[in-house]
2 protein chains.
Amino acid sequence: MNYKWQNMRHAEFDRERVLRAAMCTFMVNGYAKTSMQDLTKATGLHPGSIYCAFDNKKGLFIAAIEQYQQDRTAQFRQLFANGRSAVDNLTDYLAQILQECLSCDATQACLLTKSLSEMGEQDEQIKQIACEFLQSWHQSLAQVFDTAKAQQLIPQESDSQFLAQYLVMGIYGLRTVAHTQPNVEVLQPLADKLLADLIRH
Amino acid sequence: MNYKWQNMRHAEFDRERVLRAAMCTFMVNGYAKTSMQDLTKATGLHPGSIYCAFDNKKGLFIAAIEQYQQDRTAQFRQLFANGRSAVDNLTDYLAQILQECLSCDATQACLLTKSLSEMGEQDEQIKQIACEFLQSWHQSLAQVFDTAKAQQLIPQESDSQFLAQYLVMGIYGLRTVAHTQPNVEVLQPLADKLLADLIRH
DNA sequence: AAGATATTTGAATATACATTCAAGTATTTT
DNA sequence: AAAATACTTGAATGTATATTCAAATATCTT
């Protein structure tokens with residue numbers, strides 16, 4: 001039987017810091033190309049500690065994905081939880097995503113779609129987790145369009161679910177274009193048209 | 001010095017068949033998770049033959065990507081090289097992509113974007129090849145919009161480059177949505193709106 | 001057909017990797 | 001402060017992997 005921490009003494013490391021470090025490493029290298037050595041270096045944890053805290057490499061990966069989702073959700077809530085116009089909020093949201101795309105950081109890509117693309121075909125568990133989180137993002141966006149409807153910014157007969165799905169599609173696409181063309185001149189007009197096509201009357 | 005074939009005797013294997021087999025394997029597993037054993041099984045070639053013909057795993061991968069690009073280009077030309085309306089052709093093209101998305105086949109994803117996502121950050125050569133091929137696809141689509149303009153199907157002041165880029169973005173997005181929602185009910189309306197937003201006057 | 005040249009084969013090699021575990025260190029309990 | 005308990009450490013383990021290469025086989029040349 002494996003040795004396991006009993007969590008009686010306080011945690012010796014900052015779980016969120018460790019998970020964000022692992023998250024970045026996975027984002028840069030992908031899952032398969034990230035070695036345990038990369039992870040011990042990035043997190044500062046020794047192999048034994050990682051195995052105690054997260055079972056194995058995949059366990060750490062799943063925990064990192066969950067942290068990613070949590071961080072993203074918090075960021076989303078902060079941007080949308082206010083009394084402003086839903087359309088203004090969407091504009092800011094797209095501008096924020098665009099900034100990320102332009103940063104040319106490896107962390108610009110969405111860890112969920114990246115993981116889905118890399119492992120979705122082989123690992124059902126990862127696929128389900130990623131799909132669930134992406135679905136909940138879609139639902140959050142649908143709520144924003146509901147708000148826009150309530151604020152009479154888009155027609156009452158608009159289908160919030162559909163508009164949200166279209167926006168999700170656009171953001172996926174924008175992020176992929178950013179891989180080949182990380183320029184404002186290319187991405188800004190795309191984002192502008194995307195928003196215009198969403199709120200057109 | 002490595003032993004190398006001298007290509008004096010005729011090729012003992014069908015290069016295209018081998019490359020397509022490798023292509024599929026890479027599409028299903030990704031580059032890192034595809035082992036040489038997977039490749040020998042898929043191609044029917046022995047390790048030595050692969051190393052003679054393609055230098056190493058990465059050499060085979062690049063050759064497979066090039067074959068993918070060639071196959072896609074041929075398919076594209078076949079669909080668009082006719083006297084029909086550019087908009088009708090685009091409609092058929094999107095319908096064809098949608099069919100691929102619905103097939104739930106691992107090969108539905110674009111090998112170029114998938115490779116860019118997996119390796120672009122670490123391997124400059126792969127990144128350049130993928131970007132170049134995706135760029136040439138973008139140019140081909142821009143030509144289609146030029147044709148549409150000449151056929152007076154879209155306004156004369158339309159920016160073909162931009163419309164093509166927007167379509168590229170949409171197709172990237174559509175393919176990613178298909179990973180989580182491979183249903184006609186979801187994808188068809190998205191594709192329909194994408195086309196409508198492109199040819200709107 | 002014999003000799004020369006080229007290709008095919010797959011076991012052997014070396015390396016990189018995920019995981020384990022026993023020894024070492026810290027904290028808590030008595 | 002001594003004993004007991006819990007965590008930390010990183011070298012050791014076994015496995016998987018990319019690549020090589022010498023022997024075996026096929027084709028070509030004379």
Side-chain angles (χ1 to χ4, degrees), chain A residues 1-19 21-23 25-26 28-65 115 118-119 121-123 125-126, chain B residues 1-19 21-23 25-26 28-65 115 118-119 121-123 125-126:
Chain A
M1 202 49 187
N2 276 348
Y3 170 76
K4 274 275 164 162
W5 283 337
Q6 309 193 8
N7 257 354
M8 287 177 168
R9 268 156 66 185
H10 67 284
E12 301 286 331
F13 61 85
D14 177 348
R15 190 181 159 93
E16 290 195 5
R17 192 195 55 70
V18 161
L19 288 181
M23 191 196 294
T25 312
F26 283 127
V28 173
N29 305 318
Y31 178 78
K33 255 276 178 162
T34 298
S35 67
M36 285 305 294
Q37 207 174 359
D38 293 334
L39 291 167
T40 55
K41 204 189 295 179
T43 60
L45 261 52
H46 293 253
S49 303
I50 292 181
Y51 281 82
C52 269
F54 306 104
D55 284 1
N56 50 33
K57 184 181 163 188
K58 187 175 158 188
L60 175 54
F61 183 63
I62 290 174
I65 283 190
S115 307
E118 183 185 350
M119 320 171 65
E121 209 64 40
Q122 311 147 248
D123 192 312
Q125 191 188 1
I126 300 292
Chain B
M1 201 50 187
N2 275 348
Y3 169 76
K4 274 275 162 160
W5 282 337
Q6 309 195 5
N7 257 353
M8 286 177 168
R9 268 157 65 186
H10 68 284
E12 300 287 331
F13 61 85
D14 178 347
R15 190 180 159 94
E16 290 196 5
R17 193 195 53 71
V18 162
L19 288 182
M23 190 196 295
T25 311
F26 283 126
V28 173
N29 304 317
Y31 178 76
K33 255 276 178 162
T34 299
S35 67
M36 285 303 296
Q37 206 174 1
D38 293 335
L39 291 168
T40 55
K41 204 189 297 178
T43 61
L45 260 53
H46 293 254
S49 303
I50 293 181
Y51 281 82
C52 270
F54 305 104
D55 285 0
N56 49 33
K57 184 181 163 187
K58 188 175 156 188
L60 175 55
F61 183 63
I62 290 174
I65 284 190
S115 306
E118 183 186 352
M119 321 173 64
E121 210 64 39
Q122 313 147 246
D123 193 312
Q125 191 189 359
I126 300 293

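Side chains included, hydrogens not; waters and symmetry mates left out as well; all remaining heavy atoms used. Residue numbers begin at 1 in each chain, while the letters A, B, ... track the order of the sequences.
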Discussion item. At less than 4.0 Å, is any side-chain N or O atom of B:His46 found next to OP1 or OP2 of C:dT8? Yes or no.
Written reply: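 No, outside the criterion.
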Worksheet item: Cation-pi between B:Lys58 and B:Tyr31: NZ/CZ under 6.0 Å from ring centre and within 45° of the ring axis?
Response: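 Judged by the rule, B:Lys58 and B:Tyr31 form no cation-pi pair.
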Rounded to whole angstrom units, what separation is found between the [atom1] atom of [X] and the [atom2] atom of [N]?
{"X": "A:Lys41", "N": "C:dC17", "atom1": "NZ", "atom2": "P", "result": "11 Å"}
{"X": "B:Met36", "N": "D:dT17", "atom1": "CE", "atom2": "C1'", "result": "10 Å"}
{"X": "B:Asn29", "N": "D:dA16", "atom1": "CG", "atom2": "P", "result": "16 Å"}
{"X": "B:Ile50", "N": "C:dT9", "atom1": "CD1", "atom2": "C1'", "result": "13 Å"}
{"X": "A:Lys58", "N": "C:dC17", "atom1": "NZ", "atom2": "C1'", "result": "18 Å"}
{"X": "B:Lys33", "N": "C:dA18", "atom1": "NZ", "atom2": "P", "result": "11 Å"}
{"X": "B:Asp55", "N": "D:dA18", "atom1": "CG", "atom2": "P", "result": "16 Å"}
{"X": "A:Phe54", "N": "C:dA18", "atom1": "CZ", "atom2": "P", "result": "16 Å"}

Worksheet item: Taking the nucleotide of DNA chain C with the closest heavy atom to each, which residue, A:Gly48 or A:Ala32, is nearer the 5' end?
Response: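 The residue closer to the strand's 5' end, by nearest nucleotide, is A:Ala32.
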Worksheet item: Any side-chain heavy-atom pair from B:Phe61 and B:Ile126 closer than 4.5 angstrom?
Response: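 Counting from C-beta outward, B:Phe61 and B:Ile126 do come under 4.5 Å.
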Discussion item. Taking the side chain as everything from C-beta on, heavy atoms only, tell me whether B:Leu39 gets closer than 4.5 Å to B:Phe26.
Written reply: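 They are in side-chain contact.
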Closest to the [X] side chain: [options]?
{"X": "A:Ser49", "options": "D:dT9, C:dC17, D:dT19", "result": "D:dT9"}
{"X": "B:Pro47", "options": "C:dA18, C:dG10, D:dT17", "result": "C:dG10"}
{"X": "B:Gln37", "options": "D:dT17, C:dC17, D:dT20", "result": "D:dT17"}

Discussion item. What's the separation between atom CG in B:Leu45 and atom OH in B:Tyr51, rounded to the nearest 0.5 Å?
Written reply: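 Spacing of CG (B:Leu45) from OH (B:Tyr51) equals 12.5 Å.
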